[in-house]
Asks: 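My structure is below; once you've seen it, I'll send some questions.
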Amino acid sequence: MKTGVTELRRDTEVVGLVSVAHLFSHFLQLMLAPLFPLIKDEFGVGYAALGLTVSVMYSVSGISQTMAGFVVDRYGARRVLLFGMAAFSVSMLLTGLATSYWMLVAVAVLAGIGNSVFHPADFGILNAKVNPKRLGYAFSTHGLGGNFGWLAAPAFSIGVSTLYGWRVAVISAGVLGLIITAFIASRAALADKDAEAGGQGDKAQGAPPRGLKGDVRALLSVPVLKCFAFFTFYSMALIGLQTFSVSVTTAMYAAPLTVASAALTGFLFGGIVGVVAGGFAAAHSSRHNLVAAAGMSIGAALTLILASGALPLWMLTGCMVLIGFFTFSTSPSRDILVRGVTPPGATGKVYGFVYSGLDLGASISPLLFGWMLDQHLPKWVFGAAAAFMLFAVATVVTLRPRRTFEAVTAALPENAPS
């Protein structure tokens, strides 16, 4: 019994530390966007130019994620995670000290490199160090941390910049990031050499050496490519809802800006509740592909109702809350499916590769949705978002993992704690 309590306490600390790191990454991702009006005036550039810095960051992040995964499997996830956190923090410090627009672009490259490590490193640690029976809750908490990071960033950046200016806000975020990095580095729960997350632990369990050709073959296997496609379509749908929903609802429903903004906030809070519920569903289900497919299908149906333009204005926020709930509820099951298709010793590289689909979707879809709005076709934005959700369903519903979640838990000793 004492052993079980000790392991539960250790799992809780590991999940908490990794989730704080994930919160930190999402927090820094949204630090600058609310400050664009102030930055634009100081450097004398337009919003398109500032948007380029965001595109540079996500493009570098997407390209670097798979490479970060290889490094995780080779050297261990903890080291890579701490490097990424430090690099992202330093990029914020340098942004606050920038003297020209092109310095902002250059610093965005460093921010992209720092941002690229979080998913392969986080999931490398969680998969290596947390009891498989608790992974549903672990993945849910991890996703929840990211969502809270998104919510905290605008309040911090606007609040501090209002009092002290945008440079102080950005530099303060960088200093805070370095403090969090130092705190996580000091925690023994992530520092045990014999349990270091990454490829070494898996290889010790009998993973055969594959070499570069074998690693590439693993990444291009059908199950892994299905996961990559799911993440890409999932990201494209969410961009339509998160980034363009305010513009679409004001155009389609003649909704006041306050109502449209409330609907977007409802979507985000619905997502937080959905991630929690999804964690329970993942922990008690053996058919994670069906859980993910069901959540995305219901989200698509509700989005099509929005696209019809027939929804009463007073139901707008409620519908967005439900869409956020069902789409985000798929996250824990989705992450367990990726675990299931990952060969031994390849956790970092597979998670890095499939999560780069999020960056790919985030790079493609804004151009498409922006064109639709320019053509005065707001209904098409919600319609396309629903279609991307259904494409995601098609990729995940037939997914057959190499090793199922049940097989992992069945392999545990009979007295393993639950």
Side-chain angles (χ1 to χ4, degrees), residues 119 123 126-127 130-144 146-147 221-238 240-241 267 270-305 319 321-343 347 350-351 353-355 357-358 361 385-412 418:
H119 289 126
F123 287 108
L126 293 177
N127 279 288
V130 175
N131 188 316
K133 292 184 177 181
R134 300 191 184 102
L135 278 178
Y137 302 116
F139 291 158
S140 174
T141 305
H142 178 263
L144 199 61
N147 283 12
S221 65
V222 172
V224 172
L225 288 177
K226 284 183 178 181
C227 289
F228 176 85
F230 179 89
F231 276 74
T232 302
F233 291 129
Y234 176 86
S235 175
M236 295 176 77
L238 288 187
L241 293 168
F267 173 81
I272 289 174
V273 179
V275 170
V276 175
F280 282 94
H284 294 88
S285 173
S286 61
R287 299 299 300 274
H288 303 289
N289 59 333
L290 296 184
V291 173
M296 294 302 289
S297 297
I298 297 172
L302 291 168
T303 305
L304 284 174
I305 293 175
C319 187
V321 169
L322 290 175
I323 293 172
F325 175 87
F326 284 107
T327 54
F328 281 97
S329 71
T330 66
S331 299
S333 290
R334 170 199 72 191
D335 293 331
I336 287 178
L337 285 170
V338 177
R339 171 187 170 87
V341 303
T342 301
T347 299
V350 170
Y351 274 98
F353 175 67
V354 299
Y355 263 91
L358 292 181
F388 291 138
M389 290 183 193
L390 293 177
F391 292 155
V393 171
T395 64
V396 76
V397 72
T398 59
L399 196 58
R400 293 292 182 266
R402 289 187 178 92
R403 50 192 177 99
T404 64
F405 190 62
E406 304 95 314
V408 173
T409 55
L412 294 173
S418 58

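Sequential numbering from 1 along the given sequence is applied to the chain's residues.
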Asks: Would you give the length of the straight line joining atom CG of Asn147 to atom NE2 of His142, rounded to the nearest 0.5 angstrom?
Replies: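 The NE2 atom of His142 is 11.0 Å from CG of Asn147, to the nearest 0.5 Å.
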
Asks: Got a donor-acceptor contact below 3.5 angstrom from the Ser140 side chain to the Val275 backbone?
Replies: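 Yes, the answer is positive, given that a donor and an acceptor are paired below the 3.5 Å cut-off.
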
Asks: Output the distance between atom CG (Leu304) and atom CD1 (Ile323), rounded to the nearest 0.5 Å.
Replies: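 Interatomic distance, Leu304 CG to Ile323 CD1, rounded to 0.5 Å: 9.0 Å.
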
Asks: Write down the atom of His119, the atom of Tyr351, and the distance for their closest heavy-atom approach.
Replies: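 Closest heavy-atom pair between His119 and Tyr351: O-CB, 4.3 Å.
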
Asks: Would you say Met236 and Thr232 make side-chain contact, with heavy atoms under 4.5 Å?
Replies: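 Sidechains of Thr232 and Met236: in contact.
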
Asks: Backbone N or O of Ala282 within a donor-acceptor pair of the Tyr137 side chain at under 3.5 Å?
Replies: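 Checking the backbone N and O of Ala282 against the side chain of Tyr137, no donor-acceptor pair under 3.5 Å is found.
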
Asks: Should the pair Phe388 and Phe233 be assigned to parallel (<30°), tilted (30 to 60°) or perpendicular (>60°) ring geometry?
Replies: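 Phe388 and Phe233: parallel rings.
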
Asks: Does Val396 reach the side chain of Arg334, with side-chain heavy atoms less than 4.5 Å apart?
Replies: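 Not touching, per the 4.5 Å side-chain cut-off.
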
Asks: If we ignore hydrogens and angles and just use 3.5 Å, is the side chain of Ser235 paired with the main-chain N or O of Phe231 as donor and acceptor?
Replies: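 The answer is no, because no donor-acceptor pair under 3.5 Å joins these two groups.
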
Asks: Starting at CZ of Phe267, measure out to CG of Leu238 and round the result to the nearest 0.5 Å.
Replies: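 The distance works out to 5.0 Å.
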
Asks: If you take all heavy atoms of Ala292 and Ser333, which pair is closest and at what distance?
Replies: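 In terms of heavy atoms, the two residues are closest at N-CB, 4.4 Å.
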
Asks: Tell me, do Leu241 and Met389 make a side-chain contact under 4.5 Å, heavy atoms counted?
Replies: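 In short, these two side chains touch, coming nearer than 4.5 Å.
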
Asks: Calculate, to the nearest 0.5 Å, the distance between atoms CZ and CD1 belonging to Phe325 and Ile298 respectively.
Replies: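 These two atoms lie 9.0 Å from each other.
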
Asks: Hey, could you give me the NE2/CZ distance between His288 and Phe139, rounded to the nearest 0.5 Å?
Replies: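 Interatomic distance, His288 NE2 to Phe139 CZ, rounded to 0.5 Å: 9.5 Å.
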
Asks: Can you tell me how far the CG atom of Leu322 sits from the CD1 atom of Ile305, to the nearest 0.5 Å?
Replies: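 CD1 of Ile305 is found 9.5 Å from CG of Leu322.
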
Asks: Classify the ring geometry between Phe328 and Tyr234 as parallel (under 30°), tilted (30 to 60°) or perpendicular (over 60°).
Replies: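 Ring orientation, 0 to 90° scale: perpendicular.
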
Asks: Could you check whether any side-chain heavy atom of Phe123 comes within less than 4.5 Å of a side-chain heavy atom of Val338, counting everything from C-beta outward?
Replies: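 No - every pair of side-chain heavy atoms lies 4.5 Å or more apart.
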
Asks: Decide yes or no on side-chain contact (heavy atoms from CB on, under 4.5 Å) for Val350 and Phe228, but give the supporting numbers first.
Replies: CA-CA 9 Å; Val350 170; Phe228 176 85; over 6 Å; no

Asks: Please check if the side chain of Thr330 supplies one atom and the backbone of Thr327 the other of a donor-acceptor pair under 3.5 Å.
Replies: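 Between the backbone of Thr327 and the side chain of Thr330 there is a qualifying donor-acceptor contact (under 3.5 Å).
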
Asks: Looking only at heavy atoms, what is the nearest atom pair of Val393 and Ala293, with distance?
Replies: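 Minimum heavy-atom contact is CG2-O, 3.6 Å.
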
